[in-house]
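Below: the structure, in structure tokens.
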Amino acid sequence: MKTNYFLWISIICLLLIFSCSADKVAEPIIDPNDQSGNCDPNVFYFENDVLPIIASNCAYSGCHGDGSAEDGVDLSTFASIIATAEVKPGDAADSKLYKVMIDNDPSDLMPPPPSPALSAEQINIIATWINQGAENTLCESMGSCNTEAITFSQHIHPIVVNKCQGCHSGGAPQGGISLTNYNEIKISVNSGRFLGSINHDPGYVAMPLNTAKLPQCEIDQISEWIALGAMND
């Protein structure tokens, strides 16, 4: 009799736990395989890799973020992306979020012209993330950060392309600041705006817009590049 009593108590407790868990907003999942403190190079993480691309290119006022939800699609957070962008975890090819990025019809393509299309690398990041399960993942790397032999072409430019250029390109760049090439980036560096914005320093507009700061390693690499003269190398 006691055995049955404790069994029912256990079942009720489990049901209560699952019921409460279902009501919680999904929190970023720290990579369980991140035993060494280094991000897995074969994994794309939502907070680190995917959200900055979407925030820069899609989730802004008048489109799919900052209070706007064109066609009912809000791409400003993980929860809203999953709820409104028809993401099918494990199947990028059947996910609307991915399909609109490769659509041949200009009226359906996202970002919409005349905004620059996403690069093949950016599209691959989003597609791979979906195929890997489309989870709200975050890698808080505690491993070493390479700040030696930092070059514009290998380190700085890819960061700007993936994290900044969506807002700072085209005919009406954010804040009137274009960052599409070395000369434009150097102007922003020389003014102090570039480093002030990515550091979220007081008096500067925090960048990337509407999302968290860049990973500290990327900020350190940019800072080192600037300290060495911000060369076009």
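Along the sequence shown, residues carry numbers from 1. The structure displayed is predicted, hence computed values, not measured ones. In what follows, every heavy atom counts, from backbone to side chain, and hydrogens, waters and symmetry copies are set aside.
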Task: Note, Trp129 side chain near Asp49 side chain (heavy atom, < 4.5 Å) - done: no
TODO: Report yes or no: do Leu214 and Leu51 belong to one cluster of Ile/Leu/Val/Met/Phe/Trp/Tyr joined by side chain heavy-atom distances under 4.5 Å?
DONE: no
- [ ] Check whether any side-chain heavy atom of Asp91 lies under 4.5 Å from a side-chain heavy atom of Ile130, and answer yes or no.
- [x] no
Task: Enclosure of Phe46 CZ (heavy-atom neighbours >12, cutoff 6.0 Å) - done: yes
- [ ] Check whether Leu75 and Ile125 end up in the same hydrophobic cluster, where Ile, Leu, Val, Met, Phe, Trp and Tyr are linked by side-chain heavy atoms less than 4.5 Å apart.
- [x] yes
Open item on the list: Please report the interatomic distance CG(Asn124) to OH(Tyr98), rounded to the nearest 0.5 Å.
Closed with: 8.5 Å
- [ ] Could you pull out the closest heavy-atom pair between Pro158 and Ser153, with the gap in Å?
- [x] CD-O, 3.5 Å
Open item on the list: Contact between Ile81 and Val50 at the side-chain level, heavy atoms closer than 4.5 Å - yes or no?
Closed with: no
Open item on the list: I need the minimum non-hydrogen distance between Val87 and Ala134, along with the two atoms involved.
Closed with: CG1-CB, 3.8 Å
Task: Approximate separation, where rounding is to 0.5 Å, of Lys186 NZ and Asn232 CG - done: 10.0 Å
Open item on the list: Between Ser191 (side chain only) and Ser188 (backbone N and O only), is there a donor and an acceptor less than 3.5 Å apart?
Closed with: yes
Open item on the list: Using every non-hydrogen atom in the two residues, find where Pro111 and Ala117 come nearest and quote the distance to one decimal.
Closed with: CD-CA, 4.5 Å
- [ ] Flag yes if Phe152 and Ile150 sit in one hydrophobic cluster, no otherwise; membership is Ile, Leu, Val, Met, Phe, Trp, Tyr, and two members link when side-chain heavy atoms are under 4.5 Å apart.
- [x] yes
TODO: Working to the nearest 0.5 Å, report the span between CD of Glu184 and CG of Leu179.
DONE: 7.0 Å
- [ ] Could you give me the CA-CA distance, side-chain angles and deciding distance for Val161 and Gln122, then say whether side-chain contact (heavy atoms from CB on, under 4.5 Å) is met?
- [x] CA-CA 9 Å; Val161 169; Gln122 291 171 322; 4.2 Å; yes
TODO: Over all heavy atoms of both residues, which pair between Glu135 and Phe78 is shortest? Give the atoms and the distance, please.
DONE: C-CE1, 3.6 Å
- [ ] State, with a plain yes or no, whether a side-chain heavy atom of Asn136 is found less than 4.5 Å away from one of Glu47.
- [x] yes
Open item on the list: I'd like to know if the side chain of Ser80 reaches the main chain of Asp74, judged simply by a donor and an acceptor atom lying under 3.5 Å from each other, with no hydrogens or angles considered.
Closed with: yes
- [ ] Side-chain contact test, heavy atoms from C-beta onward, threshold under 4.5 Å: evaluate it for Ile126 versus Ile54 and give yes or no.
- [x] yes
Task: Gln132 side-chain N/O to Asn42 backbone N/O, donor-acceptor pair under 3.5 Å - done: yes
Open item on the list: Under a 3.5 Å distance rule, please check whether His200 uses its side chain to pair with a backbone N or O of Ala206 as donor and acceptor.
Closed with: no
Task: Within one Ile-Leu-Val-Met-Phe-Trp-Tyr cluster: Ile82 and Leu97, side-chain cutoff 4.5 Å - done: yes
Open item on the list: Contact between Trp225 and Asp233 at the side-chain level, heavy atoms closer than 4.5 Å - yes or no?
Closed with: yes
Open item on the list: Could you check whether any side-chain heavy atom of Leu195 comes within less than 4.5 Å of a side-chain heavy atom of Val189, counting everything from C-beta outward?
Closed with: no
Open item on the list: Once rounded to the nearest 0.5 Å, what's the spacing between atom SG of Cys217 and atom NE2 of His155?
Closed with: 9.0 Å
Open item on the list: Before you tell me yes or no, could you show the steps for Val43 and Thr137 under side-chain contact (heavy atoms from CB on, under 4.5 Å), namely the whole-Å CA-CA distance, both residues' side-chain angles and the distance that decides it to 0.1 Å?
Closed with: CA-CA 10 Å; Val43 172; Thr137 46; 5.6 Å; no
Task: Path from Met207 to Tyr204 over hydrophobic side-chain contacts below 4.5 Å - done: no
Open item on the list: On a heavy-atom basis, which atom in Ala92 and which in Ala127 lie closest, and how many Å separate them?
Closed with: CB-O, 3.6 Å
TODO: Please examine the side chains of Gln221 and Ile159, heavy atoms only from C-beta on, and report whether any two atoms are closer than 4.5 Å.
DONE: yes
Task: Main-chain N/O of Asp105 paired with Asp103 side-chain donor or acceptor, under 3.5 Å - done: yes
Open item on the list: For the NZ atom of Lys99 and the CE atom of Met101, what is their distance to the nearest 0.5 Å?
Closed with: 13.0 Å
TODO: Would you give the length of the straight line joining atom CG of Leu118 to atom CD1 of Ile53, rounded to the nearest 0.5 angstrom?
DONE: 7.0 Å
